[in-house]
Amino acid sequence: MTTIKDLAKAAGVSITTISRALNGYSDVNEKTRKRIQTIADEMGYRPNAVARSLVTKKTRTIGVILSEINREGAKDSLAFETLCGINDRAVELDYDILLFSTNPKKQLSKSYADLCKERNVDGAILSGLRLHDPYLEEVVHKTNFPCVLIDIPAESRNVGHVTTDNVRGATAAVNHLIGLGHRRIAMINGHDEAAVSQDRLEGYRLALAAAGIPFDPKLIYNGGFKEEGGFEAMYGILYQHPDATAVFSASDLMVLGALRALERLGHRAPERMSIVGYDDIAIAAHCSPPLTTIRQDRYEMGYQAAQLLVDMLENRDIGRKITLQSELIVRQSTAPLSV
């Protein structure tokens with residue numbers, strides 16, 4: 001294996017000059033740097049990542065912290081799509097990623113800063129946190145360690161965030177139902193600890209208000225972003241609000257349960273209930289009926305999160321907030337209200 005000493009001997013310069021040239025220091029002139037790089041390429045030199053980190057004080061490694069990964073989440077594949085976006089952009093920028101799984105209990109036993117320091121990462125991307133998770137409190141108020149949050153609206157010098165416009169997306173979903181003639185529109189939300197739940201509820205309320213439809217809190221059910229939660233919520237809507245003709249769900253995964261509840265009671269969408277979901281997961285186009293939903297690009301969210309974190313690590317003067325747009329995808333789970 002070619003070492004830095006071999007390069008120094010072949011180039012006729014000091015080891016220090018070799019190191020500074022390969023690590024991009026400005027005190028090595030461009031002609032010398034190019035000559036050293038050519039020699040390194042010809043000799044098949046590969047830098048030692050540990051040694052390089054000691055010189056640059058950076059590991060070029062990003063931590064990716066995902067909260068509460070579970071088997072049910074495999075159905076929506078959102079975490080996987082986000083991770084793919086992070087990985088692809090990190091590779092393009094010559095960074096590695098290190099994946100961690102966490103939950104509120106783990107967060108109490110080991111702090112965010114300690115986790116990142118122990119694993120020797122330069123910064124981290126966090127996804128799936130709840131609003132009162134210990135890590136969120138820490139990254140916003142107690143640490144200077146760089147991080148990017150996905151779907152949590154917080155920003156500072158060391159904290160950035162990436163999300164989609166959830167208020168606008170939810171408003172588009174409910175406006176679609178209103179445009180089809182529906183007035184009694186229920187909502188299956190996620191849970192109160194999710195920032196996106198609050199935003200999507202706000203979009204629901206704004207759409208109703210703009211159409212002159214009174215907001216009825218009894219029409220709001222939480223399904224916990226789980227299929228079984230959607231099943232139970234739809235049961236409640238059908239039994240407690242038989243006059244409801246449409247539902248906006250804060251996730252497609254909950255719609256899968258809602259559709260199962262309709263079928264169990266001898267109903268179908270959209271004949272009995274028009275339904276709009278959120279996310280446009282892979283199965284949304286193939287369930288029965290194909291689902292009208294709000295598409296958000298989780299891959300692009302991950303891609304932009306990696307870019308934003310690297311920009312922060314490399315001290316670029318950029319904004320700390322990225323908001324992506326969503327899109328209404330109309331399929332067969334919604335229909336005009338039959339009078």
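Counting from 1, the numbers follow the sequence of the chain as shown. Everything quoted here is computed from the prediction, not taken from an experiment.
The aromatic rings of Y239 and Y235 lie parallel to each other, their planes meeting at an angle below 30°, with 60° marking the opposite boundary. Ring orientation note: the planes of Y204 and F248 are close to parallel, at an angle under 30° on the 30°/60° scale.
Applying the side chain to side chain donor-acceptor pair (under 3.5 Å) test to every pair with at least one member in residues 264-275, sequence neighbours left out, gives these pairs: H182-S274.
A donor atom on one side chain and an acceptor atom on the other are not found under 3.5 Å apart for S19 and T16. Between the side chains of E300 and Q304, at least one donor N or O sits under 3.5 Å from an acceptor N or O. For the residue pair D41/T38, the side-chain donor-acceptor check at 3.5 Å is not satisfied. For the residue pair R298 and T82, a side-chain donor N or O sits within less than 3.5 Å of a side-chain acceptor on the partner. Neither side chain, S249 nor D252, offers a donor N or O lying under 3.5 Å from an acceptor on the other.
Listed for the S197 side chain is no donor-acceptor partner under 3.5 Å among the backbone atoms of N189. Side chain of D133 to backbone of L136: no donor-acceptor contact under 3.5 angstrom is found. Using modelled atom types, one side-chain atom of N175 and one backbone atom of T171 make a donor-acceptor pair closer than 3.5 Å. Judged by distance alone, the side chain of E138 and the main-chain N or O of A113 form a donor-acceptor pair under 3.5 Å. With hydrogens and angles ignored, the 3.5 Å screen pairs no side-chain donor or acceptor of N222 with any backbone N or O of G224. Side chain of R295 to backbone of D279: no donor-acceptor contact under 3.5 angstrom is found.
Counted within 6.0 Å of CZ on R316, heavy atoms from surrounding residues, nucleotides or ligands total more than 12; the atom is thus considered enclosed. Within a 6.0 Å sphere centred on CZ of F80, heavy atoms belonging to other residues, nucleotides or ligands number 12 at most. More than 12 non-hydrogen atoms from other residues, nucleotides or ligands lie less than 6.0 angstrom from CG of D114. Within a 6.0 Å sphere centred on CG of D317, heavy atoms belonging to other residues, nucleotides or ligands number 12 at most.
Taking the side chain as every heavy atom from C-beta outward, C147 and Y112 approach each other to under 4.5 Å. Taking 4.5 Å as the limit, every side-chain heavy atom of Y45 sits out of range of all side-chain heavy atoms of T3. Counting only heavy atoms from C-beta outward, the side chains of R320 and I318 approach each other to under 4.5 Å. In this structure, L262 and L238 have side chains that are in contact, with non-hydrogen atoms separated by less than 4.5 Å. Within the 4.5 Å cutoff, side-chain heavy atoms of L115 are placed close to those of Y135. Looking at heavy atoms from C-beta onward, I185 lies in side-chain contact with I178 at the 4.5 angstrom threshold.
Here the straight-line distance linking atom CD of Q198 with atom CG of L131 works out to 5.0 Å at 0.5 Å rounding. Once rounded to the nearest 0.5 Å, the distance linking CD1 of I4 with CD1 of I18 reads 6.5 Å. Interatomic distance, CD of Q240 versus CG of L219, reported as 10.0 Å (0.5 Å rounding). Of the inter-residue distances, the one linking L256 atom CG with K226 atom NZ reads 14.0 Å to the nearest 0.5 angstrom. Distance OG/S101 to CG/L99: 7.5 Å, rounded to 0.5 Å. Here the CG-CD1 distance, from L83 to I125, works out to 9.5 Å after rounding to the nearest 0.5 Å.
Under the side-chain hydrogen bond (donor to acceptor under 3.5 Å, both in side chains) criterion, H176 pairs with T334, sequence neighbours left out. Shown here are the salt bridge (charged side-chain N to carboxylate O under 4.0 Å, His left out) partners of R200, two or more places apart in sequence or in another chain: there are none. Under the side-chain hydrogen bond (donor to acceptor under 3.5 Å, both in side chains) criterion, Q307 pairs with R89, D311, sequence neighbours left out.
Contact detail for A10 and I39: the closest heavy-atom pair is CB-CG2, 4.1 Å. The minimum heavy-atom distance between K5 and I15, with the atom names listed, is CG-CD1, 3.6 Å. Between S326 and R168, the shortest heavy-atom contact is O-NH1, 3.5 Å. Counting all heavy atoms, side chain and backbone alike, T292 lies closest to S333 at N-OG, 2.8 Å. What you find for G319 and L308 is that their closest heavy atoms are O-CD1, 3.4 Å. Contact detail for V276 and A173: the closest heavy-atom pair is CG1-CB, 3.6 Å.
Using a cutoff of 4.0 Å between basic side-chain nitrogens and carboxylate oxygens, R331 and D280 are scored as salt-bridged. A salt bridge does not link D122 with R60: every distance from a Lys NZ or Arg NE/NH1/NH2 to an Asp or Glu carboxylate oxygen is 4.0 Å or more. E263 and R260 are not joined by a salt bridge, as no carboxylate oxygen comes within less than 4.0 angstrom of a charged side-chain nitrogen.
In this structure, Y303 shares a hydrophobic cluster with Y299, the cluster being traced through Ile, Leu, Val, Met, Phe, Trp and Tyr side chains under 4.5 angstrom apart. Apart from V167 itself, the hydrophobic cluster it occupies contains L206, where clustering links Ile, Leu, Val, Met, Phe, Trp and Tyr at side-chain heavy-atom distances under 4.5 Å.
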In sequence, state the C-alpha distance, the side-chain angles, and the governing distance for R20 and D27, and then conclude on side-chain contact (heavy atoms from CB on, under 4.5 Å). CA-CA 8 Å; R20 295 184 75 81; D27 58 354; 2.9 Å; yes

Step-by-step side-chain contact (heavy atoms from CB on, under 4.5 Å) determination, F225 to H191: CA-CA 7 Å; F225 292 112; H191 54 72; 3.7 Å; yes

Kindly determine whether F215 and I220 satisfy side-chain contact (heavy atoms from CB on, under 4.5 Å), including the steps that lead there. CA-CA 10 Å; F215 172 72; I220 309 300; 4.0 Å; yes

Check step by step if side-chain contact (heavy atoms from CB on, under 4.5 Å) holds for D216 and R184. CA-CA 9 Å; D216 183 354; R184 287 291 283 172; 3.4 Å; yes

Evaluate the side-chain hydrogen bond (donor to acceptor under 3.5 Å, both in side chains) criterion for residues T323 and D165: first the C-alpha distance (whole Å), next the side-chain angles of each, then the deciding distance (0.1 Å), finally the verdict. CA-CA 6 Å; T323 303; D165 191 337; over 6 Å; no

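Taken together through direct or relayed side-chain contacts under 4.5 Å among Ile, Leu, Val, Met, Phe, Trp and Tyr, I294 and M254 form parts of separate hydrophobic clusters.
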